[in-house]
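Heads up: the structure comes next, in structure tokens.
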Amino acid sequence: MAGEYDTAITVFSPDGRLFQVEYAQEAVKKGSTAVGVRGKNIVVLGVEKKAVAVLQEDRTVRKICILDDHVAMAFAGLTADARVLMHRARIECQSHRLNVEDPVTIEYITRYIADLQQKYTQGRGRRPFGLSTLIVGFDYDGSPRLYSTDPSGTYHEWKANAIGRQAKTVREYLEKSYTEATYESNHESIKLCIRALLEVVQSGSKNVEIAVMLRHKQLKTLSADEVEKYIAEIEKENEIEAEKKKQAKQIGSSTTTTASSTLTTQTSKKE
Amino acid sequence: MVESIIGIRGKDFVLLAQDANTTKYGILNMKFDTNRLFKLSEHCAMLAAGEPGDVVQFAEYVGKNIQLYKMINGIELSPYACANFTRHEMATSLRSRNSFLANVIVGGFSTNERDQERAQLYSIDYLGAMISANVVAHGFCQFFALAIGDRLWKEDL
């Protein structure tokens, strides 16, 4: 049934769906995870670094890229499609500067990218872009922003979001853990981003790449050492949490043993 | 022609100078703080003089394209490359609908340590002719600046 309605993507299915767009979203779900977190004075992007072949130079796999001095983007999905979108977005950033003498707002460039993605859901013989993006940066007035687009061409603003493989799990984790403290502190924002990634990625600085942008500063990729420091801090916090839980459990179990002993005596009486 | 722009190249620096007046009808001085200097990249800049509208349009166009190159390729173009790009744009526009009546000087210090000469200075006129020299100038001041340069420029300025 679905096969009849998804070859020409300009066509809706009988129940109002665009299958090609949904298939594109499936392609996104296969891509490596990317996480974005927005703080009061910082925006953080984190991506899963998939293992590369032994002979491959791993620095050529760039999943976090700058679009302009104050805008950066991470994506999940087809890398080649991302390259094309990035190129168009970079041209638009400079074009905007040339025409109106102002840097783009993050919303503007997100809207531009989303419009591009939408255009390809309504064209003849063209498939949609198979990627979702996380776009971060600071507007001209200094406010930090995090936006996300998807293959259908919709975009939303987020406080923290994840895209790609197991994005739902990571997003749920972010919902649980994003607090006022994360928003206020740069350190906490970075830590939350790494924590969220570690939910689905093996622990270790070689499996994650974290990039950080501060107001009026350029995007900075954290070195492996810096990431290791955060991971060590996170693991220590996890240990403390685990200890606390164990102790709580022990106290809890000592009360339940007395309860069960009364239960057993009762049942034995019944017998 | 009344606007002056001058460039001087030293051993490890490039000096760009401009006057700051904008005149109209030959006798009215409209502005005392005109800016003719346009930043192309962190280590390269362009001085432009001529038809006021063309000057800004052309210089900003070149500047933003240099920035675009940096965004796409991750490195900044050397002053040599910037000058060649500028010359190309000037020459293409010349025989098209929109030509620019702007004389420019492109100068900077190359960040590439392998370059033979790292202080790079180029002059491009409105017809798209480019030269590299130790002293370059556009406008009426060139009659004075180039002559003084001939007499007084030396290697280790």
Side-chain angles (χ1 to χ4, degrees), chain A residues 45 47 57-75 79-106 108-110 112-113 116 133 135-138 140 209 211 213 216-221, chain B residues 22 31 33-48 50-79 81-86 88-90 92-93 96-102 104 106 108 111:
Chain A
L45 280 175
V47 295
E57 294 271 12
D58 97 322
R59 63 183 163 76
T60 56
V61 184
R62 278 268 95 107
K63 280 199 57 173
I64 303 178
C65 4
I66 48 167
L67 301 181
D68 200 352
D69 288 329
H70 63 298
V71 194
M73 176 180 116
F75 64 91
T79 316
D81 286 5
R83 210 173 49 233
V84 168
L85 264 185
M86 263 197 288
H87 187 84
R88 303 278 285 272
R90 282 169 172 158
I91 293 175
E92 180 61 23
C93 284
Q94 294 307 314
S95 192
H96 187 273
R97 277 186 191 260
L98 183 61
N99 291 330
V100 303
E101 201 71 25
D102 262 346
V104 293
T105 57
I106 312 304
Y108 178 92
I109 197 67
T110 306
Y112 179 80
I113 291 174
L116 266 180
T133 66
I135 299 163
V136 298
F138 288 85
Y140 196 43
E209 185 176 310
M213 190 188 291
H216 304 314
K217 296 255 161 69
Q218 293 203 320
L219 186 78
K220 178 168 129 40
T221 313
Chain B
T22 303
K31 199 166 152 63
D33 57 356
T34 319
N35 177 50
R36 304 192 209 285
L37 187 69
F38 299 90
K39 186 171 133 169
L40 298 184
S41 71
E42 285 306 313
H43 306 279
C44 182
M46 172 194 286
L47 281 172
E51 186 71 51
D54 285 353
V55 158
V56 174
Q57 186 77 340
F58 182 73
E60 287 194 346
Y61 173 73
V62 169
K64 294 298 180 274
N65 269 287
I66 306 289
Q67 286 302 307
L68 181 63
Y69 185 95
K70 182 184 106 182
M71 291 300 152
I72 293 175
N73 299 296
I75 57 158
E76 288 203 331
L77 284 170
S78 65
C82 291
N84 275 284
F85 175 76
T86 308
H88 181 87
E89 289 299 318
M90 193 69 88
T92 354
S93 77
S96 73
R97 289 259 141 237
N98 53 328
S99 61
F100 296 99
L101 190 59
V104 307
V106 178
T111 46

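Here is the naming used below: chain letters follow the sequence lines, and residue numbers restart at 1 for every chain.
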| In terms of heavy-atom contacts, does CD of E92(A) have more than 12 from other residues, nucleotides or ligands at under 6.0 Å? | yes

| What residues of residues 37-46 of chain B sit under 4.5 Å from chain A when you count only heavy atoms? | none

| remark: The ring pair (Phe, Tyr, Trp, His ring centres under 6.0 Å) partners of Y140(A) (sequence neighbours excluded) come to none

| remark: By side chain to side chain donor-acceptor pair (under 3.5 Å), T105(A) pairs with (sequence neighbours left out) none

| remark: Of I66(A), L67(A), D68(A), the one forming a side chain to side chain contact (heavy atoms under 4.5 Å, CB included) with H70(A) is D68(A)

| remark: Residues passing the salt bridge (Lys or Arg N to Asp or Glu O under 4.0 Å) test with D33(B), sequence neighbours excluded, are K31(B)

| query | Please walk me through it: do E209(A) and R62(A) pass side-chain contact (heavy atoms from CB on, under 4.5 Å)? | reply | CA-CA 9 Å; E209(A) 185 176 310; R62(A) 278 268 95 107; 3.4 Å; yes

